[in-house]
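The next block holds one structure in the form of structure tokens; read it before the comments.
Bear in mind the structure is a predicted one, so any value in this text is a computation, not a measurement. In listed order, ligands and their atoms are each counted from 1.
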Amino acid sequence: MSELLQNGRFKSERKEMVELIRSRGVKDENLLKAMLKVPRHLFVNELFIGRAYEDSALPIGMSQTISQPYTVAVMTEALEVKKGSKILEIGTGSGYQAAILAEMGAKVYTIERYVELLNSARKNLEKLGYQVVSKCGDGTIGWSEFAPYDGIIVTAAAPDVPQPLLDQLADGGILVIPIGDIDTQNLHVIKKFKDKFDTRVIFGFRFVPLIGKMGWQGNG
Ligand code: SAM
């Protein structure tokens with residue numbers, strides 16, 4: 001195993017990152033344990049390895065970012081992940097969020113629109129032994145083949161909630177998605193009960209745009 005994969009590397013930085021997240025109100029112990037274990041430095045560009053445990057988003061190529069650790073924590077906590085939960089992630093990016101979900105014991109499906117990012121995420125997940133089902137494509141239409149999902153997490157911001165994602169939620173399932181304009185968004189946490197939806201909003205987040213059929217239109 002390479003030096004980078006050794007558990008000891010950045011252990012104290014990882015602990016500090018998790019303590020900061022805890023101090024900001026995140027309580028899910030299974031999630032905090034996963035964030036303490038998953039080596040975020042393996043998911044960032046080598047240029048930024050020294051900043052891997054700062055509470056900030058970092059570039060991962062293709063003008064995309066690995067999300068801020070606190071944002072990952074808030075979104076994942078809102079998903080109410082249990083061991084064996086079936087979770088669909090839209091926006092694989094670096095693979096870090098997928099690794100956190102897999103470490104928590106979820107069965108993870110993930111979609112990324114850039115093949116370059118997906119290939120690198122797959123390599124990282126494989127290296128660490130996480131079994132995640134992934135594909136390259138437009139996640140705004142979901143992944144009907146494996147639906148329904150106990151949770152769907154969208155890691156890029158949409159102008160509106162894509163209907164296919166609501167359709168692909170299981171009864172009792174939760175969709176976590178940033179909604180807003182290009183500059184600022186709020187997290188919508190939507191629970192499905194017998195084809196009715198209950199929405200709670202968490203304010204003040206900033207994401208890259210969700211681009212696709214049911215998201216923002218464009219090539220960027
Ligand atoms: N979850 C990622 C991680 O842990 O690194 C962070 C992802 S980044 C904030 C958002 C990702 O969503 C980008 O990689 C972007 O290419 C992807 N994306 C945007 N629109 C998409 C779409 N329609 N389908 C799939 N992925 C999309």
Side-chain angles (χ1 to χ4, degrees), residues 17 21 31 34-35 38-45 48-49 51-76 78-79 81 87-104 106 108-125 128 130 132-144 149 151-165 168 175-180 182-185 187 205-220:
M17 177 191 83
I21 289 168
L31 162 63
M35 294 191 81
V38 175
R40 189 172 188 260
H41 62 277
L42 296 187
F43 292 88
V44 305
N45 183 304
F48 295 100
I49 210 161
R51 298 182 53 196
Y53 295 99
E54 283 178 11
D55 193 25
S56 56
L58 294 169
I60 54 171
M62 313 307 292
S63 307
Q64 305 303 315
T65 53
I66 179 173
S67 303
Q68 179 187 352
Y70 175 68
T71 301
V72 171
V74 170
M75 293 183 86
T76 310
L79 267 184
V81 179
I87 306 289
L88 174 65
E89 178 196 25
I90 313 299
T92 317
S94 67
Y96 177 73
Q97 172 74 70
I100 295 290
L101 292 165
E103 181 62 39
M104 291 174 77
V108 186
Y109 299 82
T110 184
I111 308 175
E112 171 55 54
R113 66 187 286 266
Y114 285 111
V115 71
E116 296 86 343
L117 295 180
L118 186 64
N119 285 340
S120 143
R122 278 178 174 158
K123 271 191 210 138
N124 288 335
L125 290 164
L128 293 167
Y130 293 118
V132 166
V133 185
S134 62
K135 74 166 179 179
C136 189
D138 177 7
T140 66
I141 56 169
W143 198 347
S144 57
Y149 302 96
I152 301 179
I153 177 169
V154 184
T155 66
D160 289 301
V161 182
Q163 185 61 42
L165 302 186
Q168 291 174 28
L175 168 63
V176 180
I177 180 168
I179 300 286
I182 285 288
D183 293 322
T184 52
Q185 307 95 28
L187 271 187
F205 287 86
R206 187 145 203 258
F207 287 82
V208 294
L210 181 75
I211 295 180
K213 191 168 173 221
M214 311 295 286
W216 294 101
Q217 311 299 308
N219 303 312

Task: Residues Gln168, Ser144; criterion side-chain contact (heavy atoms from CB on, under 4.5 Å); working and verdict - done: CA-CA 7 Å; Gln168 291 174 28; Ser144 57; 3.9 Å; yes

With sequence neighbours left out, the residues meeting side-chain hydrogen bond (donor to acceptor under 3.5 Å, both in side chains) with Gln163 are Asp167

heavy-atom search around atom 20 (N) of ligand 1 in the protein gives Ile211 N, 3.0 Å

Numbered in order shown, the ligand 1 atoms found under 4.0 Å of a heavy atom of Gly137 are 24 (N), 25 (C)

For Thr92, the ligand 1 atoms with a heavy-atom partner under 4.0 Å come out as 1 (N), 2 (C), 3 (C), 4 (O), 5 (O)

Of all protein heavy atoms, the one nearest atom 21 (C) of ligand 1 is Arg113 CD, 3.3 Å

With sequence neighbours left out, the residues meeting ring pair (Phe, Tyr, Trp, His ring centres under 6.0 Å) with Tyr149 are Tyr109

One finds that the ligand 1 atoms under 4.0 Å from a non-hydrogen atom of Ile66 are 5 (O)

Logged contact type for Ala57 with ligand 1, heavy-atom cut-off 4.0 Å, is neither

A student checking ligand 1 against Tyr96 at a 4.0 Å heavy-atom cut-off should list atoms 4 (O)

Query raised in the report: Going by heavy atoms in the side chains, are Pro69 and Ile21 under 4.5 Å from each other?
Result: yes

query: Heavy atoms, side chains only, cut-off 4.5 Å: are Thr71 and Phe207 in contact?
result: yes

shortest atom 10 (C) of ligand 1-to-protein heavy-atom contact is with Thr155 O, 3.4 Å

Here the pair of heavy atoms bringing Arg40 nearest to Met17 is CD-SD, 4.4 Å

Quick note on ligand 1: atoms under 4.0 Å from a heavy atom of Tyr114 include exactly 16 (O)

Among Ser94, Pro178, Ala156, Ala98, the residue with a heavy atom nearest to atom 3 (C) of ligand 1 is Ser94

With heavy atoms and a 4.0 Å threshold, my read on which part of Leu117 contacts ligand 1 is side chain

**Request:** Give a yes or no answer on whether the side chain of Trp216 reaches the backbone of Ala157 with a donor-acceptor pair at less than 3.5 Å.
**Result:** yes

Q | Heavy-atom gap Lys213 to ligand 1 smaller than 4.0 Å | A | no

Closest to atom 14 (O) of ligand 1 among protein heavy atoms sits Glu112 OE1, 2.7 Å

Output yes when Asp138 and Arg113 qualify as a salt bridge under the 4.0 Å nitrogen-oxygen rule, no when they do not.
no

Ser67 heavy atoms within 4.0 Å reach ligand 1 at atoms 6 (C), 9 (C)

- Measure the shortest side-chain to side-chain distance between Glu89 and Thr155 over non-hydrogen atoms and say whether it is less than 4.5 angstrom. yes

dist Asp183:CG -> Gln185:CD (nearest 0.5 Å) comes out at 8.0 Å

closest protein heavy atom to atom 8 (S) of ligand 1 is Thr65 O, 3.0 Å

min-distance protein heavy atom vs atom 12 (O) of ligand 1 -> Gly91 CA, 3.2 Å

Ligand 1 to Gly139, heavy atom cutoff 4.0 Å, flagged ligand atoms 22 (C), 23 (N), 24 (N), 25 (C)

At under 4.0 Å between heavy atoms, what of Met62 touches ligand 1? The answer is neither

the protein heavy atom lying closest to atom 13 (C) of ligand 1 turns out to be Gln64 OE1, 3.3 Å

Ile111 side chain reached by Leu88 side chain, heavy atoms, under 4.5 Å: yes

Q. Looking only at heavy atoms of Ala99, does any of them come nearer than 4.0 Å to an atom of ligand 1?
A. no

The closest protein heavy-atom partner of atom 4 (O) of ligand 1 is Gln97 N, 3.0 Å

**Message:** Glu112 vs Thr92, test: side chain to side chain donor-acceptor pair (under 3.5 Å). Steps then yes/no.
**Reply:** CA-CA 5 Å; Glu112 171 55 54; Thr92 317; 4.7 Å; no

Within the 3.5 Å criterion, strictly below it, is a donor on Ser134 or Arg122 matched to an acceptor on the partner's side chain?
yes

